[in-house]
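Beneath this line is the structure, given in structure tokens, with notes to follow.
Model, not experiment: these values are computed from the prediction. All residue numbers refer to positions in the sequence shown, counting from 1.
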Amino acid sequence: MLVQDLINLINLEADELLDEDTDNIPYINLAIDLLSFTLAGIGDPEMITTVDIINGVDVPSNFIDFTPHNGYPIFISGGKFCLSGVEIVHKAKYSIAQPHVSAVTDTVPFKDMYAGCLVMIASYLIKKKTYIPVEYCNEDKAFVGDLMAAIKAAKGVSA
């Protein structure tokens, strides 16, 4: 899916509150971050990659956390991986964040099944910023619940 297609859906949901289509891009990037961290937190396989780690290698910029969270003889210091008692760790699994978009012609970095989740997040952020923020303060908990239900629906998991 292209970013422009996602923006069209966001405009329908958010009642076209923003003047230019490109004004949606920062909100889409925030939605990408939130969805990345949410999916990584529940161990979604789409968000997991593997790497061979040697002592002193830089931590990748898209690194979120190891999967599982512990059990590897690895710690991070000064933006570098450090190993304890071994020279290399083969196929260490870690969760990643999806990349940001910068133009309406970019491709959305998630499968199409998550388009509804991205629309929900971005339009919520737009509405929350555009309207009086106090009105939305009490709705954050409900929003997170709705988001988790949308993720389960996208994955085909019954609630």
Side-chain angles (χ1 to χ4, degrees), residues 1-53 59-72 74 76 89-159:
M1 170 180 283
L2 293 178
V3 171
Q4 183 62 60
D5 299 327
L6 190 63
I7 288 171
N8 294 342
L9 294 171
I10 292 168
N11 284 339
L12 289 173
E13 177 65 26
D15 297 326
E16 298 188 38
L17 290 171
L18 302 177
D19 295 330
E20 301 292 325
D21 282 350
T22 54
D23 293 343
N24 287 277
I25 290 177
Y27 295 99
I28 291 171
N29 286 330
L30 285 171
I32 287 169
D33 289 344
L34 181 61
L35 188 56
S36 289
F37 287 106
T38 302
L39 291 175
I42 61 174
D44 187 285
E46 182 176 353
M47 305 303 295
I48 297 173
T49 191
T50 61
V51 66
D52 292 340
I53 298 176
V59 174
S61 61
N62 64 348
F63 177 87
I64 295 178
D65 197 2
F66 286 109
T67 305
H69 299 292
N70 55 28
Y72 291 112
I74 305 169
I76 298 172
V89 175
H90 294 285
K91 296 186 179 178
K93 292 181 180 180
Y94 68 94
S95 298
I96 60 169
Q98 295 291 6
H100 286 172
V101 297
S102 59
V104 297
T105 55
D106 288 349
T107 301
V108 176
F110 283 98
K111 293 178 184 173
D112 287 351
M113 68 185 208
Y114 290 120
C117 298
L118 290 169
V119 168
M120 176 188 282
I121 296 166
S123 62
Y124 181 81
L125 293 170
I126 290 167
K127 289 175 186 176
K128 188 173 180 175
K129 173 98 171 130
T130 306
Y131 295 135
I132 300 170
V134 174
E135 295 173 4
Y136 276 85
C137 289
N138 293 328
E139 295 186 23
D140 286 347
K141 183 177 179 182
F143 169 74
V144 171
D146 291 345
L147 175 61
M148 294 307 293
I151 290 170
K152 288 180 181 179
K155 293 170 118 344
V157 177
S158 61

Close side-chain approach of [X] to [Y], heavy-atom, < 4.5 Å:
X     : Y      : result
Asp44 : Tyr114 : yes
Asp52 : Val89  : no
Asp23 : Ile126 : no
Val3  : Thr105 : no
Val51 : Pro60  : no
Thr49 : Asn62  : no

Candidate pair Thr38 and Met148, rule side chain to side chain contact (heavy atoms under 4.5 Å, CB included), full reasoning: CA-CA 9 Å; Thr38 302; Met148 294 307 293; 3.5 Å; yes

Return the [atom1] to [atom2] distance between [X] and [Y], rounded to the nearest 0.5 Å.
X      : Y      : atom1 : atom2 : answer
Ile28  : Leu6   : CD1   : CG    : 4.5 Å
Ile96  : Leu39  : CD1   : CG    : 11.0 Å
Ile25  : Leu30  : CD1   : CG    : 12.5 Å
Leu34  : Leu147 : CG    : CG    : 6.0 Å
Met120 : Ile10  : CE    : CD1   : 12.5 Å
Asn29  : Leu125 : CG    : CG    : 11.5 Å

With side chain to side chain contact (heavy atoms under 4.5 Å, CB included) as the test, would you mind laying out the steps for Thr22 and Gln4 before giving the verdict? CA-CA 9 Å; Thr22 54; Gln4 183 62 60; over 6 Å; no

Working note: Asp21 + Asn11, criterion side-chain hydrogen bond (donor to acceptor under 3.5 Å, both in side chains); need CA distance, chi angles, decisive distance, verdict. CA-CA 8 Å; Asp21 282 350; Asn11 284 339; 3.3 Å; yes

Option passing side-chain contact (heavy atoms from CB on, under 4.5 Å) with Leu2 (candidates Asn8, Thr107, Asp106, Ile7):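 For Leu2, the side-chain contact (heavy atoms from CB on, under 4.5 Å) test succeeds with only one of Asn8, Thr107, Asp106, Ile7, which is Thr107.
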
For the residue pair [X] and [Y], what are the closest heavy atoms and their distance?
X     : Y     : answer
Ile53 : Ala92 : CD1-CB, 3.8 Å
Ala40 : Ser95 : CB-CB, 3.6 Å
Ile48 : Gly43 : CD1-O, 3.9 Å

Indicate whether any N or O donor in one side chain lies under 3.5 Å from an N or O acceptor in the other, for Asp33 and His100.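 Per modelled atom types, Asp33 and His100 side chains form a pair under 3.5 Å.
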
Are the aromatic rings of Tyr94 and Phe66 close, with centres under 6.0 Å apart?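 Ring-ring flag for Tyr94/Phe66: false, centres at least 6.0 Å apart.
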
Do side-chain atoms of Tyr72 reach the backbone of Lys93 as a donor and acceptor pair under 3.5 angstrom?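 It does hold such a pair.
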
Given the rule in the side chain to side chain contact (heavy atoms under 4.5 Å, CB included) test, do Gln98 and Phe110 qualify, once you have shown the distances and angles that lead to the verdict? CA-CA 8 Å; Gln98 295 291 6; Phe110 283 98; 3.5 Å; yes

What residues, two or more places apart in sequence or in another chain, satisfy side-chain contact (heavy atoms from CB on, under 4.5 Å) together with Glu13?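 Counting only residues at least two positions away or on another chain, Glu13 forms a side-chain contact (heavy atoms from CB on, under 4.5 Å) with Val119, Ser123, Lys127.
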
